[in-house]
Amino acid sequence: MSTFRLRVLSDPAEVAVATPALARVYRVAFAGAGEGDDEVRRFVDEQLPRHAERDGFRLVVVEDGDEAVALGYGYTGERGQWSSDWVAGLAPARLVETWVGGHFELVELAVDPARQREGLGARVHDLLLEGLPHERALLTTYREDGPAPRLYQQLGWQPLADLTETTTLYGLDLRPRR
Ligand SMILES: CC(C)(COP(=O)(O)OP(=O)(O)OC[C@H]1O[C@@H](n2cnc3c(N)ncnc32)[C@H](O)[C@@H]1OP(=O)(O)O)[C@@H](O)C(=O)NCCC(=O)NCCS
């Protein structure tokens with residue numbers, strides 16, 4: 001039976017060291033969604049280093065021996081960031097007023113397909129949100145039914161608005177957990 005180690009990283013230098021292992025998880029987890037070399041390169045060279053510098057950044061990595069097998073991360077979402085402004089431009093105004101800005105933005109959750117359905121996604125999620133000072137959390141995921149929307153709904157997230165034909169905004173009220 002495998003013994004997993006969960007680590008929380010919040011220092012950009014630590015994230016940089018872990019990036020090759022994180023890139024492997026990202027690659028295998030999103031290959032099924034059609035992501036390839038270009039997307040992995042963007043994740044490694046642009047997305048992750050930029051996000052690691054943001055306030056409230058927190059990344060959870062699951063290691064099985066020397067190998068990373070799951071990851072999740074987020075940061076404090078604020079207006080002026082591309083993703084928050086994108087959501088604010090598409091969601092109803094009353095939702096934006098309540099939810100967008102000062103929230104925890106859950107950006108990625110990914111589990112190596114060889115280790116899916118073992119509860120790792122839920123464990124990463126729970127540790128990522130544990131003790132957060134934010135009142136609310138937001139994420140966007142697939143509008144179509146599938147593993148990710150099912151996981152989020154099972155863990156208490158509520159669909160707030162369909163943003164595009166393929167993307168739904170989900171929210172989680174963190175106040176009862178504090
Ligand atoms: C979504 C993902 C992170 C789930 O990780 P996981 O470790 O397999 O999830 P868990 O084992 O913790 O499952 C937790 C719950 O999620 C739901 N779920 C997860 N995978 C599911 C699947 N294939 N079918 C149906 N429900 C599923 C179930 O409700 C499950 O609870 P249960 O096992 O008690 O039924 C994983 O499938 C993944 O990495 N997918 C590709 C990347 C991705 O889409 N990320 C999310 C982008 S927003």
Side-chain angles (χ1 to χ4, degrees), residues 1-9 18-44 46-48 50-51 54 57-65 67-75 77 81-84 86-87 90-91 99-100 103-130 132 134 136-172 174 177:
M1 197 177 133
S2 301
T3 48
F4 297 112
R5 185 163 75 119
L6 278 78
R7 287 200 296 143
V8 179
L9 309 182
T19 293
L22 301 173
R24 192 202 71 82
V25 177
Y26 186 94
R27 175 183 292 280
V28 293
F30 287 103
E35 300 204 10
D37 289 345
D38 288 349
E39 287 80 11
V40 176
R41 205 172 301 119
R42 194 155 48 238
F43 174 72
V44 166
E46 298 171 27
Q47 178 183 323
L48 193 53
R50 186 173 68 248
H51 289 174
R54 292 203 168 149
F57 176 83
R58 180 187 281 188
L59 182 145
V60 173
V61 56
V62 182
E63 292 160 338
D64 181 9
E67 188 168 66
V69 294
L71 67 88
Y73 82 83
Y75 54 75
Q81 295 165 352
W82 186 88
S83 57
S84 286
W86 182 72
V87 168
L90 293 171
W99 286 87
V100 183
H103 63 281
F104 185 76
E105 177 97 15
L106 198 166
V107 182
E108 301 287 5
L109 187 63
V111 177
D112 183 332
R115 313 316 290 261
Q116 289 178 7
R117 295 314 296 266
E118 295 180 31
L120 288 180
R123 286 177 66 186
V124 170
H125 168 277
D126 290 350
L127 186 53
L128 204 50
L129 299 187
E130 193 177 284
L132 285 180
H134 310 71
R136 292 180 176 79
L138 287 176
L139 64 82
T140 53
T141 191
Y142 309 106
R143 188 165 163 178
E144 193 178 309
D145 186 27
R150 288 207 179 189
L151 174 140
Y152 295 129
Q153 286 175 30
Q154 170 155 321
L155 296 176
W157 293 74
Q158 293 179 351
L160 296 177
D162 293 327
L163 299 181
T164 69
E165 275 182 22
T166 55
T167 311
T168 296
L169 177 70
Y170 280 75
L172 182 67
L174 297 173
R177 300 170 176 240

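No experiment lies behind these values; they were computed from the predicted model shown. Order of listing sets the numbers, starting from 1, for every ligand and every atom in it. Every heavy atom of this structure was used, including side-chain atoms; hydrogens, water molecules and symmetry mates were not.
- Atom-to-atom distance recorded for Trp157:CH2 and Leu172:CG is 5.0 Å, nearest 0.5 angstrom.
- Screening Leu151, Leu139, Leu71 for a side chain to side chain contact (heavy atoms under 4.5 Å, CB included) involving Leu109 leaves a single residue, Leu151.
- Using modelled atom types, one side-chain atom of Arg58 and one backbone atom of Leu127 make a donor-acceptor pair closer than 3.5 Å.
- The main-chain N or O of Val111 is found under 3.5 Å from a side-chain atom of Gln116 such that the two form a donor-acceptor pair.
- Each of Ala29, Phe30, Leu109, Ala110, Val111, Gln116, Arg117, Glu118, Gly119, Leu120, Gly121, Ala122, Thr140, Thr141, Tyr142, Pro147, Ala148, Arg150, Leu151, Tyr152, Gln154 has a non-hydrogen atom positioned under 4.0 Å from some atom of ligand 1.
- Using a 4.0 Å cut-off between charged nitrogen and carboxylate oxygen, Asp38 and Arg41 count as a salt-bridge pair.
- Applying the side-chain contact (heavy atoms from CB on, under 4.5 Å) rule to Ala68 yields the partners Ala21, Val25, Val61; only residues at least two apart in sequence or on another chain are considered.
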